[in-house]
2 protein chains.
Amino acid sequence: MTDTPTATISPALIAEPGHSWATVRDALHARGQRWTPQRRLILDVLAAATGHVTGTEVVERCRAVDPEVTPSTVYRTLDVLEELGYLHHSHGAGGREEFHVLPAREHAHLQCERCGRSWEVTPDEAARLLDGLARDRGFRVHLGHLSIAGVCADCAG
Amino acid sequence: MTDTPTATISPALIAEPGHSWATVRDALHARGQRWTPQRRLILDVLAAATGHVTGTEVVERCRAVDPEVTPSTVYRTLDVLEELGYLHHSHGAGGREEFHVLPAREHAHLQCERCGRSWEVTPDEAARLLDGLARDRGFRVHLGHLSIAGVCADCAG
DNA sequence: TTTTGTGCAAAAGTTTTGCAGATAT
DNA sequence: ATATCTGCAAAACTTTTGCACAAAA
């Protein structure tokens, strides 16, 4: 991994600034915490991330917009947002943390080891496995933390 | 994670030196590669690891036996062994690489987020999920790379 | 004004790499 | 003899932490 392109980030990667983060802001305030420009930027980046992003990616995309933003701020904010429940993280193919904004329903990720693309796996699809593990072992799977690696249809040829 | 105990490693963690690694040695030779004391030690450590170990753990356990062994040697050997197919790695709760010697049949891991214990998930148990993904999406899951996080029966109370 | 957040810089932890010398074949 | 391995040291990379100053409430 020597290729860490500080490339220009496509505008599409940053959510439209008009997005209302009122709920998050209120949740922060309810805990005596602050609503800052940096936190809004980080949320914009997360919201624009289709599926998931690594910590490094969030840092890069934030810095592409505002070079003043530092890694420490990003990581600390990701922690806060996860505590608030607006964010989950799992571990992708490279073993790096992958964050995603909490969607309507929790889902797992399917990740192709060859092309790197990823898809969501809904609770329905995973139901049989989850139910089986719950029934046989009493194990409750944390679906949002589940990353399934393999080879996708296209790459299998 | 400031606690990296260089603690004495229980003898139980190292496989009996009598173990025959003839197959691995032959596979190495078949590729023009060398059979070295360091590689044998690393295999002993891996074989004694119940289920999985992180790269750091392999390093520590090797050094507990022979302090001369260096991280670079361990990581390079792990790569070689994985290329040969004697080893697989996945990513555990902390996102760190977890290696395990390739068992008779490939299996996934179930890992409790509270107590940290882990169990094997057999292909049978995961079959429904795997078959579903293969049928509906043409996605072939890499079972040995699958680490399922959640809460175990004991911790759920 | 008081507490929380930020940027900076430095550290921590894991894994990788370059290289000269050692070793397996 | 010769290509592969090893140990050492240093680097790469991601993530964390301490601290003084800035900013939010």
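Hydrogens, waters and symmetry mates play no part in the numbers below; they use all other heavy atoms, side chains included. Below, read A as the first sequence line, B as the second, and so on, with proteins coming before strands; counting in each chain starts at 1. Predicted model only: the values in this text are computed from it and were never measured.
Straight-line distance from the CZ atom of A:R63 to the C1' atom of C:dC8: 11 Å, rounded to whole Å. The CD-C1' distance, from A:E68 to D:dC21, rounds to 14 Å in whole Å. We find that CG of A:D79 is positioned 13 Å from C1' of D:dT14, with the value rounded to whole Å. Taking atom CD of residue A:E60 and atom P of nucleotide D:dT15, one finds them 11 Å apart after rounding to whole Å. One interatomic measurement links the two molecules: CZ of A:R39 to P of D:dA25, which rounds to 10 Å at whole-angstrom precision. If you measure from atom CG of A:D26 to atom P of D:dA24, you get 17 Å, rounded to the nearest angstrom. As a whole-Å value, the separation of A:L41 CG from C:dG5 P is 17 Å. What separates CD of A:Q38 from C1' of C:dT4 is a distance of 12 Å, to the nearest Å.
Look at B:Y75 and you'll find a side-chain N or O under 4.0 angstrom from OP1 or OP2 of C:dT15. Taking only side-chain nitrogens and oxygens, A:T73 comes nearer than 4.0 Å to OP1 or OP2 of C:dG7.
With a 4.5 Å cut-off on side-chain heavy atoms, A:Q33 and A:V80 count as touching. Using a 4.5 Å heavy-atom cutoff, the side chains of A:R39 and A:V24 are not in contact.
In terms of the side-chain contact (heavy atoms from CB on, under 4.5 Å) criterion, residue partners of A:D154 (sequence neighbours excluded) are, by chain and number, A:R117, A:C152. Residues meeting the side-chain hydrogen bond (donor to acceptor under 3.5 Å, both in side chains) test with A:R76, sequence neighbours left out: A:S72.
Taking every side-chain heavy atom of B:S72 into account, D:dC8 is the closest of C:dG7, C:dT6, D:dC8.
With B:E82 contributing its side chain and B:H89 its backbone, the two residues share a donor-acceptor pair below 3.5 Å. A donor-acceptor pair is defined here as one N or O able to donate and one able to accept, closer than 3.5 Å; no such pair exists between the side chain of A:R140 and the backbone of B:G150.
Connection of A:V151 to A:V121 is not established within any shared hydrophobic cluster, with ILVMFWY side chains joined at heavy-atom distances below 4.5 Å, either directly or through further cluster members.
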statement: Once base and sugar-phosphate atoms are separated, protein heavy atoms under 4.0 Å mark nucleotides 19-25 of chain C, 5' to 3', with B, S and - as -----BS
